[in-house]
2 protein chains.
Amino acid sequence: MIRDLEPLLPASAQPVLCETELVAVLVCISHNTPHILTLEHGRSFPSGPLMVEHRSLQKGMRNWVERQTGLKLGHTEQLYTFADPRHGHGHQMVRISYMAFIRENSEHALAAHSIYDYFPWEDRRDPASTTLLHTIAGRLRLWASGNAQRWQRCATVFGLDGHHWNDELSLQRYELLWEAGLVAESNWQNTPLLPGLSMVRDYRRILATALSRMRAKIRYTPAVFDLLPQQFTLLQLQQAMESLAGRFMHKQNFRRLVQQQKLVSRTAEYDSPVQGRPAQLYQFAPEMAEHCYLAGAKLPLPAIS
Amino acid sequence: MIRDLEPLLPASAQPVLCETELVAVLVCISHNTPHILTLEHGRSFPSGPLMVEHRSLQKGMRNWVERQTGLKLGHTEQLYTFADPRHGHGHQMVRISYMAFIRENSEHALAAHSIYDYFPWEDRRDPASTTLLHTIAGRLRLWASGNAQRWQRCATVFGLDGHHWNDELSLQRYELLWEAGLVAESNWQNTPLLPGLSMVRDYRRILATALSRMRAKIRYTPAVFDLLPQQFTLLQLQQAMESLAGRFMHKQNFRRLVQQQKLVSRTAEYDSPVQGRPAQLYQFAPEMAEHCYLAGAKLPLPAIS
DNA sequence: GTATATATGCTCTTAATGAGTATATATAGC
DNA sequence: GCTATATATACTCATTAAGAGCATATATAC
C-alpha cells in the first residue's frame with residue numbers, strides 16, 4: 001500500500017539535451033478587437049531562447065520581452081509545452097509557450113493582427129460569423145457522415161443541433177477543423193479551405209489555446225483590467241469583455257454584475273466623446289482582486305445550421 | 001497596424017541546451033481516496049528523460065510509463081513546465097509535468113500515497129479537516145494582520161468570512177500556505193508546521209496543480225470514468241466524485257444529474273455485497289462523451305472560523 | 001421478521017441568469 | 001429651445017439550476 005515504485009529507468013540512462021525556446025503570445029486590445037503581436041507577416045510569434053541565468057521560465061520570458069520591446073506585461077500565464085521532432089540535429093527542440101496581456105495604448109500600433117483574422121468563426125459579434133458557421137456545419141456534416149459519435153462531437157463543440165455555443169471551446173473547435181482537414185495546416189486533400197490566416201508550425205494551435213485560456217480567465221479573475229487603460233468607462237469594460245468572448249452582452253445585467261461585486265470605483269473624471277453625454281471614468285478596485293465573475297450577461301446568439 | 005515586430009533577438013544568439021525530464025503524476029482511486037504513485041518514500045514522482053525518438057511529449061511520457069510499469073494510462077494532460085536553476089552544470093534543467101489517470105484495480109497496490117496525506121485540509125469529507133482549517137485560519141490571520149488585502153485573499157481562497165469553499169482552488173491554497181511559511185518547503189523561520197507530507201523540490205506544488213486540475217476536469221468532462229472499473233455502481237461513481245472533490249454530495253440530486261445527461265447505461269449485472277440489496281452495475285455511455293456536468297449536487301460544509 | 005443498503009419519486013426554496021420596458025441625464029449642433 | 005446621440009439607471013419578470021428535505025419501495029443476509 002505504501003510501497004514505493006522502483007525507479008523507472010536505469011541510472012545509466014544518458015540525459016538528452018534539448019534546445020529550449022520561449023514563445024510569447026502577446027495580447028492587446030485595439031479597435032474593440034483582441035490583437036496579437038506577430039513576426040513574419042503575422043505567421044509567427046516572438047520567441048527567444050532560455051538562458052542559463054534565467055531563474056524561472058516566466059521571469060526569463062518577461063525579461064527578454066520587456067527588454068526588447070519596452071512593453072510592460074500584465075497578466076501572464078504558461079500555455080503549453082511542445083516538442084518539435086522534425087527539428088533534426090540529433091537533439092530535440094522544446095518550445096514553451098506563454099500568454100501575456102498588454103495594456104491598451106495607442107503607442108504600440110506595432111505588429112498587431114486581430115485574433116479573429118485567424119479564427120473568423122470565433123467572433124460571434126460579426127454577423128458574417130453565422131454564415132460562416134453554416135458553411136462549417138455543412139462541411140463537418142459531410143466529414144462526420146455515418147459516424148454518429150463524430151457528429152455528436154461536432155455538434156457539442158460548435159453549438160449545433162440545439163447545443164449552446166460555448167466560447168471557451170475555441171481550441172476544441174480548431175482541433176476539430178484540423179482533423180477534418182478544413183484548415184491550411186492539415187489540408188492534405190486540397191479540398192476548399194475555410195477563411196482564416198494560418199501560421200508556421202502549430203502556432204495557430206497555440207493561438208487557439210491562448211484564446212480558450214483568455215476566455216476562461218477573464219470570467220473569474222480580474223485579468224481584463226490588464227488589457228484596459230488605468231481609467232476606463234463601463235462601456236469600454238463591457239466592450240473589452242465582449243471582444244474577448246466574441247459575443248455581445250446585456251448592458252444592464254453586465255453593470256449589475258460589475259457593481260454588485262464592487263469591482264470598480266468611479267474617478268472624478270469623465271470621457272470626452274465626439275458626441276453625446278460624457279461617460280464616467282472608472283478604475284479597477286483591487287480589494288476584490290482575488291475572484292470575480294463577469295460572465296452571466298450574455299445576449300442570445302443567432303442559431304446556426 | 002499590420003506591421004511586424006522586428007525579430008527580438010540577434011540571430012547570432014547561441015542556443016542553450018537543456019536537460020529535459022518528463023514527470024508523471026499518476027492518479028488512481030483506492031479505498032475511496034485518490035492516490036498517487038510515488039518514488040523515494042512518497043517524496044518524488046516517477047520521471048524519465050525526453051528521448052530523441054519521441055514524436056511528441058505526451059507520447060514519450062505514455063511510452064515509458066506504460067513500458068516500465070505495465071499500467072494503462074487513461075485521461076492524460078500536461079500540467080506545467082518549470083526550470084530548475086539550481087541544477088548547476090552550466091546548463092538548465094527543464095521539467096515537464098503530466099497528470100494521468102489509472103483505472104481502479106486491486107493489482108497496483110503499489111506505491112500509493114493518498115493525495116490527502118500531502119494536503120490534509122483539502123479533504124472536507126474528513127471532520128478533522130474542519131478543525132485543521134480553524135488552525136490554518138488562525139495562523140493566516142496572524143500572517144495577514146494589518147494587511148487587509150492579504151487577508152481578503154486568504155478569506156476568498158480558504159472560504160473564510162462567509163466566502164464559499166471552492167475545491168478547485170487547492171493550488172492557490174498551497175501557494176498561500178507556502179508564502180505564509182506554514183509548509184515544510186518554505187518554513188524558513190522554524191514556526192510550527194502544518195500537518196502534511198512534503199516532497200522533493202517543488203513537487204508538492206505540482207501535486208497541488210494536479211489536484212486543482214483534476215477537480216476542474218471531472219466537472220465538465222467524463223474523465224472520472226477513466227478512474228473507475230468498466231462496470232461500477234452509481235454509488236461508486238458518486239464516491240469517486242466525492243473523493244476527488246473532497247466533499248460529500250447529495251445522492252438524489254447526483255443521480256438526477258447523471259441520469260438527465262444519459263451518461264451511463266445499466267448493464268445486466270449486479271454487485272455482490274456483503275450485506276444489503278445488490279447494486280445495479282452501470283457502464284459509461286460514451287455517446288455523451290464530449291461534455292457532461294457532474295458538479296451541482298454538493299452537500300453543505302461545516303463553517304470554518 | 002429485522003437490519004442494511006440500494007433505488008426512486010416527489011416537493012420546495014433560493015438564487016442566478018437571461019431578457020425586457022421605461023426613463024432620466026448630459027453633450028453637440030441647428 | 002429642439003433634436004440626435006449616447007450615457008446611465010431603475011425596475012420587473014420568467015426560467016432554470018442548485019441546494020435541500022421527506023418519504024418510500026426493493027432486495028439481500030441473518
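The sequence lines fix the lettering, A, B, ..., with proteins before strands; numbering per chain opens at 1. All values reported here derive from a predicted model rather than from experimental measurement.
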Quick one, B:Thr233 and B:Leu281 - any side-chain contact, counting heavy atoms below 4.5 Å?
yes

Specify the separation, in whole Å, of atom CG of A:Asn253 and atom P of C:dA16.
13 Å

Give the C-alpha distance, both sets of side-chain angles, the deciding distance and a yes or no for side chain to side chain contact (heavy atoms under 4.5 Å, CB included) between A:Leu176 and A:Phe158.
CA-CA 9 Å; A:Leu176 211 45; A:Phe158 277 90; 4.0 Å; yes

Please report the distance, rounded to the nearest Å, between CD in B:Gln260 and P in D:dG19.
14 Å

A:Gln149 side chain reached by A:Arg153 side chain, heavy atoms, under 4.5 Å
no

Length of the OH-C1' vector between B:Tyr270 and D:dT28, whole Å
13 Å

Would you indicate whether the side-chain heavy atoms of B:Trp121 and B:Thr135 approach each other to under 4.5 Å?
no

Under a 4.0 Å N-O cut-off, is there an ion pair linking A:Glu242 with A:Arg125?
no

Interatomic distance, A:Gln236 CD vs D:dA8 C1' [rounded to whole Å]:
16 Å

Are side-chain N/O atoms of A:Ser243 and A:Thr33 paired as donor and acceptor at under 3.5 Å?
no

Residues which pass side-chain contact (heavy atoms from CB on, under 4.5 Å) with B:Ser129, listed by chain and number, not counting sequence neighbours
B:Arg124

Protein-nucleotide distance (B:Gln238, atom CD; C:dT8, atom C1'), rounded to Å
14 Å

Integer-rounded Å distance: D:dA17 C1' and B:Leu257 CG:
9 Å

Would you mind classifying the nucleic acid contact of B:Tyr293 as base, sugar-phosphate or nothing, using non-hydrogen atoms under 4.0 angstrom?
sugar-phosphate

Between B:His250 and A:Gln252, the residue closer to the 5' end of DNA chain D by nearest nucleotide is A:Gln252

In whole Å, what is the span from the CD atom of B:Gln261 to the C1' atom of D:dT16?
15 Å

Rounded distance (nearest 0.5 Å) linking atom CD of B:Glu168 with atom CG of B:Leu171:
12.0 Å

Which part of the nucleic acid, if any, lies within reach of A:Arg256 when heavy atoms closer than 4.0 Å are counted: base, sugar-phosphate only, or nothing?
base

Dot-bracket encoding per residue of DNA chain D, Watson-Crick/G-U cut-off under 3.5 Å, | denoting interstrand:
||||||||||||||||||||||||||||||

Atom CZ of B:Phe248 and atom P of D:dA18: how far apart are they, to the nearest Å?
21 Å

For B:Phe232, which of B:Phe284, B:Tyr282, B:Phe225 qualifies under ring-ring contact (aromatic ring centres under 6.0 Å, His included)?
B:Phe225

Which protein N or O atoms sit under 3.5 Å from an N or O of nucleotides 5-7 of chain D?
from  : atom 1 : to       : atom 2 : distance (Å)
D:dT7 : O2     : A:Arg277 : NH1    : 3.1

